[in-house]
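Below is one structure, written out as structure tokens, with a few remarks after it.
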Amino acid sequence: MCGGDNAEKWRCRESGAECVVPHYRKDRGGREETLQRHSERGVGRFINGTYKGGVQKSVFPDTEGHSIKMPEPAKKTASAFKKKPKSTTAVIGQDVVFKAETEKPDAKVKWQRDSADIADGDKYVIAADGGKHSLTIKNITKEDDVVYAVIAGSSKVKFELKRKRRPAPVTVKMQLLQEQRNLLQLQLKTQLRLQLQLQLKTQLRLRLQLKRQRPPLPLPLPLPLQKNQPLLPQMALRLLPPHLQQRARPSRTVVHHHPNHPDTRQDLTGLFMEKPQSGEVTVGENIAFTAKVCSETLLKKPTVRWFKGKWMDLASKAGKHLQLKELYDRNTKVYTFEMHIMDAKPNYAGGYRCEVSSRDKFDSCNFELTVHEARAVSEFDIRAAFRRTSMDGGEEAGELDFSALLKKRAVQVSTGPEVDVWEILRNAPASEYEKIAFQYGITDLRGMLKRLKKMKKEEKKSAAFLKKLDPAYQVEKGQKIKLAIEVANPDAEVKWLKNGQEIKLSGRYIFENIGNKRYLTINHCSLADDAAYTCVIGDEKCFTELFVKEPPVLILRNLEDQMAMKGERVEFEEKDGVELTREEAFKYRFKKDGRKHILIINEVTKEDCGHYTAKTNGGESMAELLVQEKELEVYQSIADLTVKAKEEAVFKCEVSDENVKGTWYKNGVEVKADARTHITHIGRIHKLAIDDVRPEDEGDYTFVPEGYAFNLSAKLNFLEVKIDYVPRQDPPKIHLDCAGHTADSTIVVVAGNKLRLDVPITGDPAPTVVWTKSEKGLSRKPRNDQSTDAEFMADLMKDGEVITNADGRVHVESTKGHCIFTIEGAERQDEGVYSVIVRNPAGEDTADINVKVVDVPDPPQAPKILSVGEDSCVVTWEPPLFDGGQPVLGYVLERKKKKSYRWMRLNFDPYPELTYEAKRMIEGVAYEMRVYAVNTIGMSRHSPASQPFVPIAPTSEPIGLTVDDISDTTISLKWRAPDRMGSVPFDGYGVEYCKEGSDEWIPAFEGLTERNSVMIRDLPTGEKMQFRVRAYNMAGPSAPATLSQAVTIREIMQRPKIWIPRNLRQTLVKKVGETINIVIPFQGKPRPKVTWTKGGEPLDPKHVSIRNSDTDTILFIRKTDRKDSGMYEVQVQIENVEDKASVNIQIVDLPGPPQNLKITDIWGFNVALEWKPPADNGNCDITGYTIQKADKKTMEWFNVYEHYRRTNCVASDLIMGNEYIFRVYAANMVGLSQDPCLSKDSAYIQKTGIVYKPPVYKEHNFAEAPKFTHPLPKVTWYKNKMDISNEAKYRMFSKQGVLTLEIRKPCPFDGGVYMCKAVNDSGEDTVECKLELLSNPGLIVNKQVTQITKEDTKK
């Protein structure tokens, strides 16, 4: 199969067929990728086309006009059958023959029944004649209605045998019924025709009305039918022929649609080719539901599941009463799924559902099953429903009137009161309307439904429920829900069921009874609690459904648009709605970090541009990825050089990528390094240095970076000094576009760019050019040996000294008529006023040029955090010290988690203010912030990171502040923790109080407390006080929780009351030596006086310890004794008011041994014993006895009985010839008595003479007279009617007419019926024997057949 999870679908423009291409990927540029590995494997498939798979190749155009090469179908495997058996239907008791014909006459054919091989016998007859084979099934029964198969080689053909009942003999009564049925069909046919004509006229009138676009006139439309309501009664439909039954059933698609109303017709594009229909069955009968699915358009075999109700999967219920079958027709490619229900029962009725799925396709269908009670045959006499139109001529006079079938039958005259049919219909379910209408002769079903609709149906009051459950409840996952009902009888027993199973009391399920109300509380609801719940009281039930809603997974931080260069790594989520899979292990990787989900794209390309989406069930987030080609930027290009002899020439360039290599060329020839030529590559800087420059070094030099289609070129000029005589002299002159010493002569250059000042000059002889900065330049006169020809000289001086250009950044070049001043990569210190001075013997000229270097701003100082909130913070910073020569437009902020290395940008547009509020942070996580300054030139370097900070917020206020206790000077308060504690550590609670009417809150104690209760002491008696509690964490105090009103500090009198625990209301049983620790709570104010007594006497303080507190009293006995048993009384007294309670304590011990064990009787292998109970029962009842026996020879004791209740027993199964003694232990709730009671006498089991007399068998005489046979027969051995002549496990011998079969190493599987068959021209004879193997390996089994004679073969 092809078309996996990553398969793409392509549609042919011409044929419209779809092609599924697994793992095919087409790039965004329209290029085609070859399906080489798929065409080699023969993978491919067309849906709704002719291509099914194989290795032949075809070409189909895609939606953009490109061609796709697809594998062509392989040859279909030839079947071994020339003629196949077909399914048939036969009557029970008949014989059925299935025939098959194979291509090869010697092919071996095997027949199967329900995947089990069929052997030739009385029931099944298998015949073969060359290539023709047949299977005959004799006297078929209902058990033969199964699936059969015939197998030849690798071909297997399945077929079915379906049974039908034998038709009953036609009698006079049946003929009469047939005649009456024909008459009834005629009338029903007429009624159906009229109904269809009325519907046709209605449709025509409605279409004409819509065509004319006029409002529809009132039409005599038929009354609306209920869902799947038949036009005629079901029993009447059964009397119609099949073609009329189909027309009389309700149509699913004949529904008229008004243009203004939505179309609600059924969508016929599902997977079902034929859906299972609702059906009716009588108790004890069988019914089948069929669903058909066409597999032509499916990539995978469809899977069908049958359900009853909402939850019950019927696959686990298959058995005697339910069978699920599946058939497949290879010709039509249709799967048939059947559900057979045998021996239907009333509880089988209800709603069913059939679900079919195949990969990503799904369809379902609901249908109903109605089970009717079985009726007696004599209940309905169809002849009584007919009557003659004339009664004068006797029984045969007049004509038959069959209208009585459609009216109320009056077979039996009832003298009782009249039956109100409408009352019956009003209280009956809708599924019973048809049955009741037919029973009481109502023919106008639509009129009946119209009248019932107007009648108000009253709900029947429940005798057990005053208030039932709602039809449905909904709760979110993890929350709690309480289901409540009201019962009429407060003592009624209530059961709660979940999906039909009784719910047991547990931590998640809590049952509550409050008066007439019953509650079921479900804590921490999960998806498993999404079920149907039932409340049962006696025979009445009420139902509801609980839907558990899973909380949506929200996206807390949206994706951000990203831009990357080609080849970089990008982290993102889902792309353009197409799910990204892990198939391309290198391209995409998924990573999960807590609640953070990351998609990593390695080595992005232009094809990866697009929108990426992260989707959850609670929302989605989208961002765009832009991918740009990497461009090599040139930070500093090489410049032309003019060098004198013996000087050094240095070409230098700087590019953006330090990993890029390059090659130097001179006039197109690669430059090689030697003693004078040095080539270096350090970081992003490439240098070519030539020492001791010579004239032959002059030329064009080029630097070509590897992998990029551009180059950097410069020229090396060799300067020769010549002195020429100039007879004419002109004073030098500088020709600038703007006058010097004015603001207009300012030149602005961006830092890092190239500054080039080209100054036109004239003069004869050629003037000397001197560049100075800040008016400190000094001219340098030419040497005496220099000639005055048309050459120019230029120097750069700063602070009176010539600036050399050894570093290659500053270049001064003079040509005829121009002086060029160049600074490679202008820097901030290059800013200033540059003066150019030209001199020659005829004079000099000066001009000033103001150069301003602008740059990005300096980084701001480290930002400061002003305040933090739950998920936000306020940050401030100072502007940069230097704005780069341009005003600051704004700032860009970034943040990151302290333990992370990835900075996230908070704003993309410059933020003009110096204070910013950052939001959408995670509470409790440490963050850092940094700032960039932005001007028109660009963005500065980032500032130092701020100090780490944590977004936190105070907790919510404590809840449930109440007064727990109060006295004259103290008060006890208690409360519950806040609902929201936050993510930072909790410090504690602070309690404050103030007098009523005052605003001064006083701390109740120093510091904080972590407890949820506190006692405040030393309060003024009688004063009204107000109290409040606040929760503290790192963010500060929360909102206060305050009492609703002021409290008066005064103790309240309370009557004494003892609360006996439930376990002490019964007798407390302890073993001797155990510890008793009884805690009895009580109440009373002021503190009551507590007194303990036993039998009216005070307790011994040396043996019993009493400890009392304000709320309870403790009775403690470290080591108990038997004498500690008895009734203990406790008394609580305040002044003249008291309360009493008592506790009964029972101390138990091991019992004593039983008494007077004696042997009362001995017979056979039995001994009767008898004893008396022990004198000391250990202060509790004797629970049983343990009886043991011992042989006097070994004196080893063995248990005869344990936990034996009576004081006499019989010891059986004693060994003959042994002498036994016995002993008995007594047992109570503590254990066995320490000492046993031994029997004084012993019991001897007498030996009786037993002599085994083996039975005497008469030896059989196997002697037989010899016989001879001519000609010699052919002997064949069979096992279970299968020929075993060629099996290596068996050896056959024939010696002097004696035939022997030897089975080597027999095993249990060799058991069966063995047959020896002898055949010659005179006839044949057979002999059989049955072999049963016992568990004794290694036997050799021989079967001998005596000599076969000619006379025997004729029999």
Side-chain angles (χ1 to χ4, degrees), residues 513-514 962-974 1011-1022 1047-1150 1176-1181 1228-1230:
N513 300 339
I514 303 176
T962 58
V963 177
D964 189 26
D965 194 8
I966 191 171
S967 67
D968 290 340
T969 58
T970 63
I971 187 172
S972 295
L973 303 176
K974 63 179 181 180
R1011 300 178 58 185
N1012 286 34
S1013 61
V1014 68
M1015 175 180 286
I1016 305 176
R1017 306 178 184 275
D1018 301 330
L1019 296 176
T1021 304
V1047 179
T1048 303
I1049 309 300
R1050 181 178 291 110
E1051 188 171 25
I1052 302 173
M1053 175 66 180
Q1054 186 179 18
R1055 293 179 58 87
K1057 177 67 177 177
I1058 299 176
W1059 303 98
I1060 297 294
R1062 186 182 299 274
N1063 63 320
L1064 297 179
R1065 296 178 185 177
Q1066 300 176 353
T1067 301
L1068 179 63
V1069 180
K1070 292 287 185 178
K1071 298 179 182 179
V1072 172
E1074 291 184 346
T1075 301
I1076 293 179
N1077 190 11
I1078 300 175
V1079 180
I1080 298 181
F1082 59 82
Q1083 68 180 22
K1085 291 184 180 180
R1087 180 174 177 176
K1089 178 182 178 182
V1090 182
T1091 305
W1092 283 88
T1093 59
K1094 178 185 176 185
E1097 299 294 333
L1099 302 180
D1100 184 7
K1102 296 180 180 180
H1103 184 64
V1104 181
S1105 299
I1106 303 296
R1107 291 191 293 271
N1108 300 324
S1109 67
D1110 293 341
T1111 57
D1112 56 29
T1113 178
I1114 300 175
L1115 172 68
F1116 180 77
I1117 303 176
R1118 185 175 301 277
K1119 188 174 181 181
T1120 58
D1121 199 356
R1122 292 274 292 272
K1123 63 181 180 180
D1124 294 327
S1125 300
M1127 186 69 68
Y1128 290 77
E1129 296 86 13
V1130 58
Q1131 177 182 350
V1132 179
Q1133 183 177 1
I1134 300 177
E1135 297 179 355
N1136 297 329
V1137 183
E1138 64 178 18
D1139 191 15
K1140 294 182 179 180
S1142 59
V1143 178
N1144 189 16
I1145 299 178
Q1146 181 181 356
I1147 308 300
V1148 297
D1149 198 1
L1150 295 174
D1176 182 11
N1177 61 0
N1179 201 21
C1180 61
D1181 296 335
N1228 62 4
M1229 63 182 299
V1230 181

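Side-chain atoms are counted along with the backbone in the values below, which use heavy atoms only and exclude waters and symmetry mates. As the structure is a prediction and not an experimental result, all values here were calculated from the model.
- In this structure, CG in Leu1099 is found 10.0 Å from OG1 in Thr1091, a value given to the nearest 0.5 Å.
- Put simply, the side chain of Thr1021 reaches to within 4.5 Å of the side chain of Thr969, judged on heavy atoms.
- Put simply, the side chain of Asn1077 never gets that close to the backbone of Ile1114: no donor and acceptor are under 3.5 Å apart.
- With a 6.0 Å radius and a threshold of 12 heavy atoms from other residues, nucleotides or ligands, Arg1087 has its CZ atom above the threshold.
- Across all non-hydrogen atoms, the minimal contact from Val963 to Val1047 is CG2-CG2, 4.0 Å.
- Between Lys1123 and Asp1100 there is no salt bridge, since none of the side-chain N atoms of the basic residue sits less than 4.0 Å from a carboxylate O of the acidic one.
- A donor-acceptor contact shorter than 3.5 Å links the side chain of Thr1075 to the backbone of Arg1118.
- Distance CD1/Ile1076 to NZ/Lys1070: 7.0 Å, rounded to 0.5 Å.
- With rounding to the nearest 0.5 Å, the separation of CG in Asp1112 from CD1 in Ile1078 is 13.0 Å.
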Mind listing the side-chain donor-acceptor pairs of residues 1127-1144 below 3.5 Å, one per line with the distance, residues two or more places apart or on another chain?
unit_1: Tyr1128; atom_1: OH; unit_2: Asp1124; atom_2: O; d: 2.9
unit_1: Glu1129; atom_1: OE1; unit_2: Thr1093; atom_2: OG1; d: 3.1
unit_1: Gln1131; atom_1: NE2; unit_2: Glu1138; atom_2: OE1; d: 2.3
unit_1: Gln1133; atom_1: NE2; unit_2: Glu1135; atom_2: O; d: 2.9
unit_1: Asp1139; atom_1: OD2; unit_2: Ile1058; atom_2: N; d: 2.9
unit_1: Asn1144; atom_1: ND2; unit_2: Thr1067; atom_2: OG1; d: 3.2

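- Of all heavy-atom pairs spanning Cys1180 and Val1148, the tightest one is CB-CG1, 3.8 Å.
- With values rounded to the nearest 0.5 angstrom, Ile1117 atom CD1 is found 13.5 Å from Lys1119 atom NZ.
- Of all the heavy atoms in Asp1176 and Arg1122, the pair that sits closest is OD1-NH2, 3.5 Å.
- No side-chain heavy atom of Ser967 sits less than 4.5 Å from a side-chain heavy atom of Pro1086.
- The shortest distance between side-chain heavy atoms of Val1104 and Trp1092 does not fall below 4.5 Å.
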> How far apart are the C-alpha atoms of Asp1149 and Lys1071, what are their side-chain angles, what is the distance that settles it, and do they pass the side-chain contact (heavy atoms from CB on, under 4.5 Å) test?
Replying inline: CA-CA 6 Å; Asp1149 198 1; Lys1071 298 179 182 179; over 6 Å; no
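- Note that CD1 of Ile1145 is 8.0 Å distant from NZ of Lys1094, once rounded to the nearest 0.5 Å.
- Listed by chain and number, the residues in a side-chain hydrogen bond (donor to acceptor under 3.5 Å, both in side chains) with Asn1108 are Thr1113 (sequence neighbours excluded).
- Counting all heavy atoms, side chain and backbone alike, Ile1147 lies closest to Val1072 at CG2-CG2, 3.7 Å.
- In terms of heavy atoms, Ile1060 sits closest to Ile1080 at CD1-CG2, 4.0 Å.
- By the 4.5 Å heavy-atom criterion applied to side chains, Asn1228 and Asn1177 are not counted as neighbours.
- Under the 3.5 Å distance criterion, the side-chain polar atoms of Asp964 are left unmatched by any main-chain donor or acceptor of Ser972.
- For Ser1013, there are no side-chain hydrogen bond (donor to acceptor under 3.5 Å, both in side chains) partners at least two apart in sequence or on another chain.
- Within a 6.0 Å sphere centred on NZ of Lys974, other residues, nucleotides and ligands contribute 12 heavy atoms or fewer.
- Remark: Ile1049 CD1 to Asp1018 CG distance equals 11.5 Å, nearest 0.5 Å.
- Across Met1015 and Thr970, no two heavy atoms sit closer than the pair CG-CB, 4.3 Å.
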